[in-house]
2 protein chains.
Amino acid sequence: MTKHSLSRRKMLGLLGALPIVSETLLHAAAAPAQGATPAGLPSWNEGATKQSILDFVAAVTREGSPDFVPPAERIATFDNDGTLWVEHPMYTQMAFALDRVKALAPLHPEWKDTQPFKAALEGDMKTLAASGEQGLMALLVATHTGMTADEFQKIVLDWIATARDPRFKRPYTDLAYLPMIELLGFLRANGFKTFIASGGGVEFMRPWTERVYGVPPEQVVGSSIKTRFQMRDGRPLLFRLAEVNFIDDGAGKPVGINEHIGRRPIAAFGNSDGDLEMLQWTTMSGGRRLGLIVHHTDATREYAYDRETSVGRLDKALEAAALNRWTVVDMKKDWKRVFAFE
Amino acid sequence: MTKHSLSRRKMLGLLGALPIVSETLLHAAAAPAQGATPAGLPSWNEGATKQSILDFVAAVTREGSPDFVPPAERIATFDNDGTLWVEHPMYTQMAFALDRVKALAPLHPEWKDTQPFKAALEGDMKTLAASGEQGLMALLVATHTGMTADEFQKIVLDWIATARDPRFKRPYTDLAYLPMIELLGFLRANGFKTFIASGGGVEFMRPWTERVYGVPPEQVVGSSIKTRFQMRDGRPLLFRLAEVNFIDDGAGKPVGINEHIGRRPIAAFGNSDGDLEMLQWTTMSGGRRLGLIVHHTDATREYAYDRETSVGRLDKALEAAALNRWTVVDMKKDWKRVFAFE
């Protein structure tokens, strides 16, 4: 497997990396009828993993329990890519950026001969990755800035409604993990307020997180670019500038969570080293807390990866999980179903 | 009246200005028993102002109304200083900073001979103001940074519990406007989600906004300084750095609201030119919207000021109110009671 040193942080938290081809691209077939998400955690197999979640929720919600936490303080934060939906073979936001380059190419004939656009147009991911931070920043600026916030929202909504994941041949929002959607709902049913805290762009997520996860825009924390307020033809607008505002990844996650929420979560959910500090911040503060890591172990139904990947690398956080007794989900073993469409 | 050019923005949105002595410092006496806030808007006198609020809420909440707005989109944003509580003779956060200088002075014997600390210790507001942006930044750094987020929260909570406003001889949180507390509750009872969007420091407000306004920390948007995540003795913490992160004032308010909430409000409430862009952003977007300005017209019960003041200056926003048909509250005429303790 090719490895490149394009860390998520370096790519400004907004653009993904190389296509990492799993050994098996076989799609687990058999798609039973979809329906409303049932209560509880029916897509989780019985066992220590599921039990650790149930025990935690029981402990913090039972009045009179020494671990009781009042509803207002039941804050739970979820990473998005690789925790709530698929992040391989590349971050979905990267697929979005590549599609935007194709859509905008007729307006930029020079892109045919200019990197990183040439590579993006040709699907040459190796050259694209080799263009480094600078190249990816150019891609970000060309596809994510220079329009109003309202215009960008519409672009995202149109794309997410029509784009298809190349392996599953489905809208990307179908690639949300059913067990995690159930978990979000289970926590909310127990008085939790659920937030997303993602390295992805906040304005890339907000248009669809309410529909897919039940998480409203104001409960999404993410990376952002700067915007400027201005009046144009007597109408106020926010213009998206070619400047990074905040990277909500790694040590930035506790910072972003504190800025946005102003409370320390009592439960946090991640899948990679980019979630390490969020998990530390959440769980190492005294009191009963839940830290959980989704470990991608199922190459058949989804993907299998941890240390040997540049997208969603899980190394230090897996070590810390053992030390801090965080729950580690073995996707293959712990999840009865991965997707609602199965 | 002395006028200085210390704009709120220049003072980093965090520190206030000169003591502006009203002609009347007389305190309207007679304090009837306080109780639970009643439903509706009982502290508002009947008239066009109150009616404009009632009409707006009826229009956007009545199913089938052409102006109907689904509950999830009923976002209301409130400025704090001068809109929800008293901002004269100086921003409460400025009083906090001055008290902190006094509390910290024993650790800094050099402050007795160093500006702006000497002026702060002597209560010499004229010299303090003359120290300009640089002096006020030094005051901010000395009093608001160099500790953890948890430590700062405790400092604020201790101060707000014990400090007293010099005119009313009461805790500052008693100086919240009863009609506005009723309005917050009335909107929430009608499915609105109420946010604060203040030029004040977000970590100065969050410790007490839930108790005073019913607005939880995660619904407070404000100015902020940068923080850094670090581990100390095996415990994670956020350290407050001597660097401004964001100024949530003027054209920064729509930016902060968009970053934090990700939806455009349908109602906004302010009292000064620092709220102009928030009101424009909210109301000039098509659809039935409410913009409201609290005009300080009651020198007897509170203060009377607009154009001729450096704290809460109301000039351009008052002009824009006429053009855009925003509701202007005449505090003297429209409010039956100003404070709960009256």
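Just so it is clear: chains get the letters A, B, ... in the order the sequence lines come, proteins before strands, and each one is counted from 1. Computed from a prediction, not measured in an experiment: that's the story for all the values here.
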Minimum heavy-atom separation for B:E210 and A:A72, please, with both atom names. OE2-CB, 4.4 Å
Heavy-atom pairs under 4.5 Å with chain B, option from A:V221, A:T227, A:V220, A:I75 with the top count: A:T227
When the 4.5 angstrom heavy-atom criterion is applied to A:Q230 and chain B, the contacting part is neither
Please report the shortest heavy-atom distance between B:P236 and A:M284, naming the atom on each side. CD-O, 3.3 Å
Can you see which heavy atom on A:P217 is nearest to which on B:G262, and at what distance? CB-O, 4.0 Å
Any non-hydrogen side-chain atom of A:Q280 less than 4.5 Å from a side-chain atom of B:F229? yes
d(A:N258 CG, B:R206 CZ) to nearest 0.5 Å is 7.0 Å
Heavy-atom distances under 4.5 Å only: say whether A:E259 touches chain B with side chain, backbone, both or neither. both
Could you have a look at A:K253, A:R228, A:K226, A:M231 and say which one has the most heavy-atom pairs with chain B under 4.5 angstrom? A:M231
Using non-hydrogen atoms and a 4.5 Å limit, figure out which bit of B:Q153 sits close to chain A: side chain, backbone, both or neither. neither
Approximate separation, where rounding is to 0.5 Å, of A:E277 CD and B:L238 CG: 11.0 Å
B:E218 and A:H260, any side-chain heavy atoms less than 4.5 Å apart: no
Heavy-atom distance under 4.5 Å to chain B: side chain of A:K193, backbone, both or neither? side chain
